[in-house]
Each structure stands twice: as structure tokens, then as C-alpha cells.
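Basis for what follows: all heavy atoms, side chains included, without hydrogens, waters or symmetry-related copies. Order of the sequence lines sets the chain letters (A, B, ...), proteins ahead of strands, with each chain counted from 1.
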Amino acid sequence: MKTIRVFPRSSASNNLFTRIYALVRKIPRGRVATYGQIARALGMPRGARTVGWALRACEKNIPWQRVVNAHGKISLRPTAGFQTQRARLRAEGVRFDRSGKINLKKYGWQKI
DNA sequence: GGGCTGACTGACG
DNA sequence: ACGTCAGCCAGCC
């Protein structure tokens with residue numbers, strides 16, 4: 001039996017979530033960031049999975065589509081947002097190669 | 001406190 | 001370049 005939380009119970013973690021969301025909102029249009037990159041910026045060098053976990057419950061007003069994995073690809077997720085994410089990014093001018101990968105050197109946020 | 005899960009990552013073959 | 005594997009970390013039971 002799998003219980004799905006849309007948001008963490010503890011208010012302490014809400015602060016972490018808030019920081020993650022705030023950072024994601026700063027990603028410029030037409031650019032992408034990786035989970036690890038965001039985690040690092042928040043002082044959690046190995047907390048990439050936690051970032052992904054947080055985005056699982058993201059609200060609709062944040063540009064979650066601009067977060068991809070370190071390989072430059074869209075991560076699989078329980079919900080069916082794969083196509084949506086790719087469409088949104090393409091609408092922002094982000095190009096995908098044949099294998100559905102993004103050139104992080106070109107579209108990556110800041111350094112990588 | 002112990003154990004499991006996951007929108008991850010870097011290393012290997 | 002692609003599939004596997006072992007670490008990682010916060011949250012939940």
C-alpha cells in the first residue's frame with residue numbers, strides 16, 4: 001500500500017521545500033537546471049533525490065518543467081507529465097536531440 | 001530507532 | 001552510448 005503525500009507534514013521541511021521552489025522559480029525561461037545542481041545550491045551536495053522528492057509535490061505556479069536530471073533528460077515519474085514537460089520546454093526554445101536529451105552546455109542554468 | 005521509498009548521481013562494464 | 005549498481009538524503013510508517 002503506497003501512501004502519497006502532496007506535501008510534507010512537518011513544518012520544518014516546509015522551509016526546505018520553500019527554498020527549493022524559490023530557486024526553481026529563478027531558473028530563466030529557456031534554461032534548465034539539474035536536481036543535483038539545485039541540491040548543491042541549497043547546501044546538500046548529495047541531496048538530489050530530495051529535490052526530486054520535493055518537486056513531486058510542487059505547486060502549479062512554479063516552472064517545474066525546467067528541472068531535468070544530470071544526463072540532460074527528463075526523469076520518469078509516477079505521474080504522466082513526461083510529455084507535458086517536453087512540450088513546455090520546446091515551447092521555451094529548448095532543443096532535444098534524437099535520444100530526447102538536452103544539451104546542458106547550452107541550455108544549462110549557470111555553470112555545470 | 002530501524003527499515004523502505006524515490007521526478008538522483010557517478011562509476012563500471 | 002546504454003543498462004546496472006551502489007551510495008545518498010529526507011520523509012514516512
Side-chain angles (χ1 to χ4, degrees):
Chain A
M1 189 61 137
K2 187 187 299 181
T3 309
I4 299 201
R5 299 283 171 209
V6 295
F7 212 74
R9 295 175 169 178
S10 88
S11 57
S13 66
N14 285 353
N15 183 43
L16 174 60
F17 272 48
T18 300
R19 295 207 298 158
I20 291 175
Y21 296 157
L23 197 54
V24 172
R25 285 198 199 89
K26 290 180 181 174
I27 304 174
R29 195 171 188 279
R31 293 284 177 133
V32 298
T34 68
Y35 299 95
Q37 195 176 0
I38 293 173
R40 188 182 297 279
L42 294 178
M44 304 183 299
R46 315 242 170 346
R49 304 193 70 154
T50 304
V51 173
W53 194 87
L55 286 183
R56 181 185 72 165
C58 74
E59 299 176 359
K60 296 187 175 63
N61 57 336
I62 76 167
W64 55 268
Q65 72 270 20
R66 295 176 192 150
V67 185
V68 298
N69 63 31
H71 295 28
K73 299 176 84 172
I74 296 174
S75 293
L76 268 41
R77 61 175 78 52
T79 55
F82 190 96
Q83 295 293 341
T84 304
Q85 181 167 6
R86 197 178 66 169
R88 286 192 184 188
L89 288 177
R90 292 215 310 170
E92 296 185 356
V94 177
R95 300 293 203 93
F96 291 80
D97 68 8
R98 277 187 297 170
S99 60
K101 201 164 63 176
I102 298 172
N103 185 338
L104 292 178
K105 289 289 185 184
K106 184 173 182 181
Y107 298 103
W109 187 35
Q110 302 175 12
K111 69 287 170 182
I112 193 160

Are A:I74 and A:R86 packed together at the side-chain level, in the sense that at least one heavy-atom pair is separated by less than 4.5 angstrom?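 In short, these two side chains touch, coming nearer than 4.5 Å.
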Taking C-beta and beyond as the side chain, do A:L55 and A:Y21 meet within less than 4.5 Å on heavy atoms? yes
Could you provide the dot-bracket string of DNA chain C, using ( ) for intrastrand pairs, [ ] for crossing pairs and | for bases paired to another strand, with Watson-Crick or G-U pairs below 3.5 Å? .||||||.|||||
Quiz: residues 22-32 of chain A side-chain donor-acceptor pairs under 3.5 angstrom, not counting sequence neighbours:
{"from": "A:R31", "atom 1": "NH1", "to": "A:G108", "atom 2": "O", "distance (Å)": "3.0"}

Rounding to an integer number of Å, can you tell me how far [X] [atom1] sits from [N] [atom2]?
X: A:Q65; N: B:dA7; atom1: CD; atom2: P; result: 18 Å
X: A:F17; N: B:dG6; atom1: CZ; atom2: P; result: 15 Å
X: A:W53; N: B:dG6; atom1: CH2; atom2: P; result: 12 Å
X: A:L55; N: B:dA7; atom1: CG; atom2: P; result: 11 Å

Under 4.0 Å between a side-chain N or O of A:K101 and OP1 or OP2 of C:dA1? yes
Given side chain to side chain contact (heavy atoms under 4.5 Å, CB included), test A:E92 with A:R66 step by step and report yes or no. CA-CA 10 Å; A:E92 296 185 356; A:R66 295 176 192 150; 2.9 Å; yes
Going by the rule side-chain contact (heavy atoms from CB on, under 4.5 Å), which residues pair with A:R40 if we only count those two or more places apart in sequence or in a different chain?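 Here no residue qualifies.
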Listed partners of A:K101 passing side-chain contact (heavy atoms from CB on, under 4.5 Å), at least two apart: A:K73, A:D97, A:S99
Side chain to side chain contact (heavy atoms under 4.5 Å, CB included) between A:L89 and A:Y107: does it pass, once the steps are laid out? CA-CA 11 Å; A:L89 288 177; A:Y107 298 103; over 6 Å; no
Donor-acceptor under 3.5 Å (A:Q37 side chain, A:W109 main chain):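 Yes, A:Q37 side chain to A:W109 backbone: donor-acceptor pair under 3.5 Å.
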If I pick the C1' atom on B:dA7 and the same atom on C:dC13, what distance separates them, to the nearest angstrom?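 Approximately 22 Å lies between the C1' atom of C:dC13 and that of B:dA7.
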How would you summarise protein contacts on nucleotides 8-13 of chain B per nucleotide, using B for base, S for sugar-phosphate only and - for none, with heavy-atom distances below 4.0 Å? BSS---
